[in-house]
Amino acid sequence: MASLVWLGHQVATLEKPRIGPWDAETQKIPVVLVDAGHGGHDGGAVSNGGIEKHLTLAIAKQLRDELIAAGLRVVMTRDTDTFLPLEERAALTKKHGAEAFVSVHINTDGSGSSANGIETYFAGKPSLSTLRKTGQKGENGTTSEKLAATVQRCVCQETRADNRGIKERDYVVIEEAASPAVLVECGFLTNPEEATRLKDEKHQEKIARGIAAGVKLFLQAKPAVAAVLAEK
Ligand SMILES: [Zn+2]
């Protein structure tokens, strides 16, 4: 079955959206890299009957569908329950010439904590060794902050979740990305009510729709991409 699974993966990642007027001009459809946090032996957070790696994959797949429907190309770091090192996830941005990178995660706090809501992380100025390793030009900090702000606003509007704001932290998966990159903590698995929502497909859809709206708004700042999205 391995080859069938592989084929399915290729179709999903290489599927081209409807041809639009931007093609003639740029010959390039923007690529968004979508990362479902954790996977395989790394389950991530486990609380209130939920396992982070499954929830992130469910949300990431819906995010992929939303972005493809908007006319963008999407590459996923994983679309099955497999493990990938953080550096390899980040490196895919360079390999695919991504214009944006979104890593999907679920938050935790101490047991019995009532913490809830959504927060979005971006990496600040990368270190020199990261710049050398990734070939970044060092502008990602500023653009990633813009992407984080837009995604955070849209995802909170769509889900009506508590807005915990954007935060700067040098998580490897976003710091080493060669494109603007954010990590969205979509809610707290340690909060029983929020855990119930996170496991609900309708709520996952709202999260995906909100993140996608933010990514689209961010990319609209680029004229070639604005043409793609204006079509929809
Ligand atoms: Zn996580």
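Counting starts at 1 for both ligands and their atoms, in listed order.
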### Message
Test your reading of the model: is there a side-chain donor-acceptor pair from Q152 to the backbone of I118, 3.5 Å cut-off?
### Response
yes
## Note on the structure
Residue set satisfying salt bridge (Lys or Arg N to Asp or Glu O under 4.0 Å) with R197, at least two apart, ordered chain then number -> E194
### Message
Within the 4.5 Å heavy-atom criterion, are D35 and V102 side-chain neighbours or not?
### Response
no
### Query
Linking I/L/V/M/F/W/Y whenever their side-chain heavy atoms sit closer than 4.5 Å, directly or via other members, would V104 and F218 fall into one cluster?
yes
### Message
With 2.8 Å as the threshold, which protein atoms of type N, O or S lie near the Zn ion (ligand 1)? Leave waters out.
### Response
H38 NE2, E52 OE2, H105 ND1
### K53 bridged to D42 by N-O distance under 4.0 Å
no
### Message
Does this structure show an ion pair linking K206 with E158, if we count only N-O contacts that are shorter than 4.0 Å?
### Response
no
